[in-house]
Every structure is written in structure tokens, then in C-alpha cells.
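Down below is the structure, laid out as C-alpha cells.
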Amino acid sequence: MKLNRRSFISTLILGMIGLIILDGFWFEKYVIDWKEFDIADGPSPKIKIIQISDLHLRSIKSCHASIATRINQEVPDVLFITGDAITRTKQLGLLTSFLELIDPNILKIGILGNKENSGRVDLNLLQKCYEAQNGMLLINQSFELTVKKRKINILGLDDYVWGAPDIVKASAGIDTSLDTVLLNHCPAYRDDIDRLIPSIQLQSVLILSGHTHGGQITFFGFPFYTPYGSGKYLKGWYSNALSKMYVSKGIGTTVLPIRFGARAEATTFYV
């Protein structure tokens, strides 16, 4: 059947709308973009890290199973979950179910996001959830990770929006000669971190953040909206003389169940 000009344009528009809907409601949400960065610039051996952020668990879907499968295949030295895993205490079972999909030999370290704080998640139960799966929850606390005789500091900060992040408290008593990975949900707090790094004397600081969802819905790279706590940061790398920060676009969604121009991601780092 021969299409006239009007029918052709209508078909083209409907096709484009269909592709946009498919992209926003399925592809960018559930087909995870796995990225890898080797930023090791010091003593060997390299330490392999995977970061996932902003799970916003409401159910366990096939994409979560695929994430766990990929983590198990990658065999990182440590998995970081940088906040907003759940919103309510009643969702702890979902987080447990997700963590149970991951190799129990893989160390898991979580921090709080604004959702855990604003939703008043029971932090004692959240800590126990992580501990039961070979993990820990760091709230303005530190952990010295040892991998093949190499040591690095892991600092986990409280959330910036609803909590009280305190890098001075988190770094108390650490060996400041070691490289430091700093888990910080809201990237806006990075400005305070940089201001305090010289007095704390931290070395080779890598900050891993989330929160922004990369804008979640963007047009030509510009976000429709970014949540309070994002500051001037959106996604990807931000580096200066004091620190390197990576802002993950995260996994889940909030407010609207759609991603557009901000595909869900998980990231592997070698440090």
C-alpha cells in the first residue's frame, strides 16, 4: 500500500514516539551500562572496586539479577553501595534478597542516602542486613581494607541532605599515608571535603557519589531537574588537585519511573 505524505509523517512520528517510550521506560532503566576505569597510579597490586548506587528497590527484577551475576563474574575485592538502596524499613527484605544474589565472599560496604534517612529506615536493622551478607554500613566511619598486603582507607559518610556528614569524624585515627576511597552519597558535600582534606592530610582521595541519577530525564545533555544535594555536579568525573570524584547515574528511579538521556549504570574501578 502506497503511503501519502500525511500518512508517512504520521507513521514516522508514531514510530519515534514508540522508540522514545521504549527507550525511557525500558532500555535506559533495565539495560545497565557497565563502565570501567583504571586510575591506579601507585603501589601494586591494584584493588578492584565495583560501585552501584541509588537502587531504589521496590521489587527484585531481572535487571537486579543480571547486576548480581555480573558482579559475581567480575569478582571485585569490594562492592560499594553508595546510598538510596531502600526507602522504608519494610524494604529490608528486598535488600537482603538482592545481596543474597551476590557471592558471599565479596565484601559489601554500604552508606546512607537521603532516602534511608528521610524514610527513617531502622539503621540497626540495616546494619544487621549488611553484616549478614559479609558487609557493613559506614556512617561517618572508616574501614581499612587489606588486599594482598596492600591497604587503603575506606571512609563512609552520612547523607548530606537529611543526615550530618562529617569527614573529620570519619577519618579519626586512620593512617593518612594510605590512599583513601571516600563514599559520599550527595556530591554537593564534595566542596566541604576538598576544603578539609589539607587539614586532615588525606592522600590520593577518590570520592564515589550518586544521588543525581544523571538528571534521570535530560534533553540534549541538560537535566530537567536535579535533586537538592547535587550541587554543581551531574554525572561522571570531576577532578582537581585535591580529589577525584565520580558521580554515578545509579540504577533505580524516583518520582517518575523513567530514564531518558541518563542510562542506568554500574562502574568498575581499579585503584
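Numbers here simply count residues along the sequence, with the first being 1. Side chains included, hydrogens not; waters and symmetry mates left out as well; all remaining heavy atoms used.
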* To do: Please answer: with hydrophobic residues joined when any side-chain heavy atoms are less than 4.5 Å apart, are Ile106 and Phe143 in the same cluster?
  => no

* How about Arg120: does its CZ atom have over 12 heavy atoms from other parts shown lying under 6.0 Å from it? -> no

* Structure fact -> Between the CZ atom in Arg58 and the CG atom in Leu94, the distance rounded to the nearest 0.5 Å is 10.5 Å

* Does one hydrophobic cluster hold both Leu183 and Val147, with members joined at side-chain heavy-atom distances below 4.5 Å? -> yes

* Quick one: are Leu99 and Thr96 in side-chain contact, heavy atoms under 4.5 Å? -> no

* State, to 0.1 Å, how close Ala188 and Gly231 come at their nearest heavy-atom pair, and which atoms those are. => CB-N, 3.7 Å

* Structure fact -> CD1 (Ile50) and CD1 (Ile81) are apart, to the nearest 0.5 Å, by 11.0 Å

* To do: Would you give the length of the straight line joining atom CG of Asp54 to atom OG1 of Thr212, rounded to the nearest 0.5 angstrom?
  => 7.5 Å

* To do: Go through the side-chain N and O atoms of Asn114 and His211 and say whether any donor and acceptor fall under 3.5 Å apart.
  => yes

* Asked: With a 4.5 Å limit on heavy-atom distance, are the side chains of Gln216 and Thr253 in contact?
  -> yes

* To do: Tell me, with the steps shown, if Leu57 and Leu95 meet side-chain contact (heavy atoms from CB on, under 4.5 Å).
  => CA-CA 7 Å; Leu57 289 171; Leu95 180 57; 4.2 Å; yes

* Asked: Tell me, do Ile154 and Glu144 make a side-chain contact under 4.5 Å, heavy atoms counted?
  -> no

* Is Gln91 reaching over with its side chain to a backbone N or O of Thr87, donor-acceptor style, under 3.5 angstrom? -> yes

* Asked: Around atom NZ of Lys169, are there more than 12 heavy atoms of other residues, nucleotides or ligands at under 6.0 Å?
  -> no

* Yes or no on side-chain contact (heavy atoms from CB on, under 4.5 Å) for Leu126 and Glu116, after CA distance, side-chain angles and deciding distance? -> CA-CA 9 Å; Leu126 182 58; Glu116 283 93 354; 4.2 Å; yes

* Using ring-ring contact (aromatic ring centres under 6.0 Å, His included) as the criterion, list what pairs up with Tyr246, not counting sequence neighbours. => Phe37, Trp237, Phe269

* Can Ile139 and Ile111 be said to form a side-chain contact (heavy atoms from CB on, under 4.5 Å), step by step? -> CA-CA 6 Å; Ile139 308 174; Ile111 61 168; over 6 Å; no

* Taking Asn140 for the side chain and Asp158 for the main chain, is one N or O donor matched with an acceptor at less than 3.5 Å? -> yes

* May I ask you to check whether over 12 heavy atoms, not counting those of Lys35, lie within 6.0 Å of atom NZ? => yes

* Where Lys46 and Arg150 come nearest, the two heavy atoms and their spacing -> CA-NH1, 4.0 Å

* Which heavy atom of Ser239 sits nearest a heavy atom of Lys244, and at what distance? -> OG-CG, 3.6 Å

* Structure fact -> Here the gap from Ser118 atom OG to Arg88 atom CZ, rounded to the nearest 0.5 Å, amounts to 6.5 Å

* Asked: Linking I/L/V/M/F/W/Y whenever their side-chain heavy atoms sit closer than 4.5 Å, directly or via other members, would Ile109 and Leu178 fall into one cluster?
  -> no

* To do: Verify, without hydrogens or angle tests, whether Asp84 (side chain) and Lys115 (backbone) share a donor-acceptor contact under 3.5 angstrom.
  => yes

* Asked: For residues Glu265 and Thr267, is any side-chain donor paired with an opposing acceptor at under 3.5 Å?
  -> yes

* **Hydrophobic cluster of Tyr233, others only, ordered by chain and residue number, side-chain cut-off 4.5 Å** => Leu155, Leu157, Tyr160, Val161, Trp162, Ile167, Val168, Ile174, Leu182, Tyr189, Ile193, Leu196, Ile197, Ile200, Leu202, Val205, Ile207, Tyr228, Leu234, Tyr238, Leu242, Met245, Val247

* **Hphob cluster co-occupancy, Leu208 + Leu55, side-chain heavy atoms under 4.5 angstrom** => no

* Joint hydrophobic cluster, Val75 plus Ile52, side-chain heavy atoms closer than 4.5 Å -> no

* Asked: Would you say Lys108's side chain and Gln133's backbone share a donor-acceptor pair under 3.5 angstrom?
  -> yes

* Stepwise, does the side-chain contact (heavy atoms from CB on, under 4.5 Å) test hold for Leu112 with His185? -> CA-CA 7 Å; Leu112 298 178; His185 180 69; over 6 Å; no

* To do: Go through the structure and list residues passing side-chain hydrogen bond (donor to acceptor under 3.5 Å, both in side chains) with Thr82, not counting sequence neighbours.
  => Gln51, Ser53

* Measure the spacing between CD1 of Ile258 and CD1 of Ile217 and express it to the nearest 0.5 Å. => 5.0 Å

* Structure fact -> ring-ring contact (aromatic ring centres under 6.0 Å, His included) filter on His56, not counting sequence neighbours, yields His213

* Asked: Quick one: CZ on Arg259 to CD on Glu28, what's the gap to the nearest 0.5 Å?
  -> 8.0 Å

* Residue pair Asp194 / Ser243, side-chain donor-acceptor N/O under 3.5 Å -> yes

* **Results of side-chain hydrogen bond (donor to acceptor under 3.5 Å, both in side chains) for Asn72 - residues two or more places apart only** => none

* Asked: Which residues satisfy the side-chain hydrogen bond (donor to acceptor under 3.5 Å, both in side chains) test with Asp33, sequence neighbours excluded?
  -> none

* Asked: Taking all atoms of both residues into account, what is the closest heavy-atom pair of Arg190 and Asn240, and its distance?
  -> NH2-ND2, 3.2 Å

* Structure fact -> Scanning both residues in full, the closest heavy-atom pair of Asp191 with Lys232 reads OD1-CE, 3.9 Å

* Do you know which two heavy atoms are closest between Trp34 and Ile67, and how far apart they sit? -> CZ2-O, 4.0 Å

